[in-house]
Amino acid sequence: MREYILKAVAQPPKFLLAPFVPAIINLGVQFPALFMGIGLAEMNPLGFIASILGVHGFLIFAGQKEPHLSTMLQAYGRTYMKTTNLYAEKGNKFAP
């Protein structure tokens, strides 16, 4: 059991050499834009493909510098939620 935990921490998930979550977000945003641009405006898909590859290359570079980029984005999403404070104080309090 301990080996699985160490492997998950030491080797974060990747998608085509980029951190998993930013790579999926990139593809999830740019592929619909590509198909809408082709279908609605009859745009050339080469610009979209170059953009997808350029952003993915940037994500690969950012993933080399910070391999836990996906985990950092997930943690930021969980801590950015609005909380209710029991006492009138400035800032977010996560414990009562």
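Position 1 is the first residue of the sequence, and the numbers go up from there.
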Which residue pairs pass the side-chain hydrogen bond (donor to acceptor under 3.5 Å, both in side chains) test with at least one member in residues 46-64, sequence neighbours excluded?
-> Q30-S51

Which pairs, with at least one residue in residues 31-43 and sequence neighbours excluded, count as a side-chain hydrogen bond (donor to acceptor under 3.5 Å, both in side chains)?
-> none

Other than [X], which residues form its hydrophobic cluster under the rule that side-chain heavy atoms must be closer than 4.5 Å?
{"X": "I60", "value": "L17"}
{"X": "M36", "value": "L40"}
{"X": "F15", "value": "L16, F20, V21, I24, I25, L27, V29, F31, L34, F35, I38, M43, F48, I52"}

For the atom pair CG (L69) and NZ (K14), what is the distance rounded to the nearest 0.5 Å?
-> 9.0 Å

Given P12, P67, S70, the one that forms side-chain contact (heavy atoms from CB on, under 4.5 Å) with P19 = S70

